[in-house]
**Q** 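Mind having a look at this structure? Questions to follow.
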Amino acid sequence: MENYDTLSIPEATLLQNKLRERVDTSERELSIQWIGGADVSLNLYSTTIYAGIIVLSFPALQPVGWSLVRAETRFPYVPGYLAFREVPALVEAWRRLTLKPDVLVVDGHGIAHPRRLGIAAHFGVETGQPSVGCAKKLLTGNYHEPGLLVGDHSPIMAGVEQIGYAFRSKSKTAPVFVSPGHLVGMENSLQIIRQCIGKYRIPEPTRLAHELVNRFRRGELPEGVG
DNA sequence: GCGACAG
DNA sequence: ATCTTGTCGC
């Protein structure tokens, strides 16, 4: 994996177009024993990022391990290029994990991206690991509001192409946006997230990863694995 | 040119 | 993304 810090936006766009050719979103039978959640936390106006991955048993969703990494980024946040900011630290956190999950849920989009290479798909291709994207806001595409009950969903469309699902993870609450990352199909991604629902809007892997990295950033947890 | 815009 | 208490609605 090359260094992203000095890439210009046009260069980053070229790399995305090249990496997207390697994305595989064919449906498959997934036997999941461990599922991971990945997220990043940072202080406003700071280039220090606190990345973390939490591993949960599946389908019980009980924490069994984690990895925390502090890193510096020069790449700014630009919508559509989030991966260039967060993926390097997440890959390092992944590398240090002793128990690798069978699939990783990343905070952000999978192929529901202008060039079909959101952070979850980007991470998946760079590591060769199955991944799913679950975002709190839409980046690109259109959808009709799904029903108001847990489990209700509707496709996110980019023209005639389906790029994800608007999924009601909690009744009468704003939906989350699910899309395949790498080595996971469209239906697979929805089934995976559906099985990660707890008491809150945000699916457990992502929610617990967010909680983890925030404690790390505040100094309540040390860098390392556990 | 205008609006939209993950974290 | 982060800073934050109360408050409204189911």
Side-chain angles (χ1 to χ4, degrees), chain A residues 4-5 9 12-13 16 19-20 23 37-54 68-91 93 104-126 131-143 147-150 152 156-159 163-182 189 193 199-203 205-220:
Chain A
Y4 298 155
D5 295 345
I9 293 298
T13 304
Q16 289 181 325
L19 292 178
R20 78 170 165 189
V23 176
D39 195 16
V40 159
S41 179
L42 42 80
N43 288 310
L44 209 50
Y45 310 129
S46 170
T47 56
T48 301
I49 65 176
Y50 300 82
I53 292 177
I54 189 159
L68 293 168
V69 169
R70 180 191 294 101
E72 292 296 313
T73 319
R74 250 67 87 186
F75 209 95
Y77 168 66
V78 180
Y81 301 85
L82 176 64
F84 295 95
R85 214 171 137 70
E86 303 189 349
V87 159
L90 287 176
V91 167
L104 184 68
V105 180
V106 182
D107 188 26
H109 294 284
I111 63 168
H113 175 278
R115 290 165 294 287
R116 310 293 176 265
L117 198 83
I119 186 169
H122 192 132
F123 178 93
V125 167
E126 290 280 31
S131 59
V132 175
C134 183
K136 297 177 287 299
K137 296 175 184 174
L138 193 66
L139 171 61
T140 192
N142 302 286
Y143 70 99
L148 295 176
L149 303 181
V150 202
D152 288 342
I156 300 172
M157 304 298 293
I163 57 177
Y165 278 111
F167 175 68
R168 197 76 69 184
S169 48
K170 181 175 182 185
S171 294
K172 301 167 193 173
T173 299
V176 292
F177 303 93
V178 180
S179 60
H182 185 45
S189 67
I193 296 301
K199 292 180 163 185
Y200 309 88
R201 176 193 177 219
I202 306 304
T206 314
R207 190 181 71 80
L208 294 174
H210 192 261
E211 203 171 83
L212 182 76
V213 294
N214 272 329
R215 286 197 288 166
F216 176 35
R217 177 176 55 81
R218 295 178 201 132
E220 299 169 18

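Lettering of chains follows the sequences in order, A, B, ..., and the numbering in each one begins at 1. Since the model is a prediction, treat every value here as computed from it, not as a measurement.
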**Q** Over how many whole Å does the gap from A:D107 atom CG to C:dT2 atom C1' extend?
**A** 14 Å
**Q** Within the structure shown, what part of the strands sits under 4.0 Å from A:I119 by heavy-atom distance: base, sugar-phosphate, or nothing?
**A**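 Base contact.
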**Q** Would you say the ring centroid of A:Y143 lies under 6.0 angstrom from that of A:F177?
**A** yes
**Q** Looking at the side chain of A:E86, which of B:dG7, C:dT2, B:dC5 is the nearest nucleotide?
**A**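 The listed nucleotide nearest to A:E86's side chain is B:dG7.
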**Q** Going by atom types only, do A:N214 and A:S41 share a side-chain donor-acceptor pair under 3.5 Å?
**A** yes
**Q** Tell me: CG of A:L149 to P of C:dC10, nearest whole Å?
**A**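 For the pair A:L149 CG and C:dC10 P, the rounded distance is 15 Å.
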**Q** I want to confirm an ordering. Mapping A:K172 and A:H210 to their closest nucleotides on DNA chain C, which one lands closer to the 5' end?
**A**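 The residue closer to the strand's 5' end, by nearest nucleotide, is A:H210.
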**Q** Check whether any side-chain N or O of A:K136 sits under 4.0 Å from OP1 or OP2 of B:dG7, and answer yes or no.
**A**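 Answer yes for this pair, as a side-chain N or O of A:K136 is under 4.0 Å from OP1 or OP2.
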**Q** Assign A:G80 to base, sugar-phosphate, or nothing according to its heavy-atom contacts below 4.0 angstrom with the strands shown.
**A**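 A:G80: base contact, heavy atoms under 4.0 Å.
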**Q** B:dA4 P sits how many Å from A:I156 CD1, rounded?
**A**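 Atom CD1 in A:I156 sits about 19 Å away from atom P in B:dA4.
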**Q** Round to the nearest Å and state the distance from A:N43 atom CG to C:dT4 atom C1'.
**A**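 Rounding to the nearest Å, CG of A:N43 and C1' of C:dT4 are 15 Å apart.
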**Q** Please give, in whole Å, the distance from B:dA4 P to A:L82 CG?
**A** 21 Å
**Q** Side-chain N or O of A:S41 less than 4.0 angstrom from OP1 or OP2 on C:dT2?
**A** yes
**Q** Would you tell me if any nitrogen or oxygen in the side chain of A:R217 comes within less than 4.0 Å of OP1 or OP2 on C:dC3?
**A** yes
**Q** Between A:H122 and A:F84, is the ring centroid distance below 6.0 Å?
**A** yes
**Q** For B:dA6 and A:Y77 - does any side-chain N or O of the residue sit under 4.0 Å from the phosphate oxygens OP1/OP2?
**A**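 Yes.
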**Q** Rounded to whole angstroms, how far apart are CD1 on A:I202 and C1' on B:dG7?
**A**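 Rounded to whole Å, this separation is 12 Å.
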**Q** Would you find more than 12 non-hydrogen atoms of other residues, nucleotides or ligands less than 6.0 Å from A:N142 atom CG?
**A**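 It does not: A:N142 CG has 12 such atoms or fewer within range.
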**Q** Please tell me whether A:R218 and A:Y50 have a donor and an acceptor in their side chains that are separated by less than 3.5 angstrom.
**A**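 Absent: no donor and acceptor within the cut-off.
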**Q** Roughly, in whole Å, what's the span from NE2 in A:H122 to C1' in B:dA6?
**A** 14 Å
**Q** With a cut-off of less than 4.0 Å, is there a side-chain N or O of A:K137 near OP1 or OP2 of B:dA4?
**A**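 For A:K137, the contact criterion (side-chain N or O under 4.0 Å from OP1 or OP2 of B:dA4) is not met.
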**Q** With a 4.0 Å cut-off on heavy atoms, is A:L42 in touch with a base, just the backbone sugar-phosphate, or nothing at all?
**A** sugar-phosphate
**Q** Quickly work out the A:L44 CG to C:dT4 P distance and round it to whole Å.
**A** 11 Å
**Q** Applying a 4.0 Å non-hydrogen cut-off, can you work out what A:Y81 is touching in the nucleic acid: base, sugar-phosphate, or nothing?
**A**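 It contacts base atoms.
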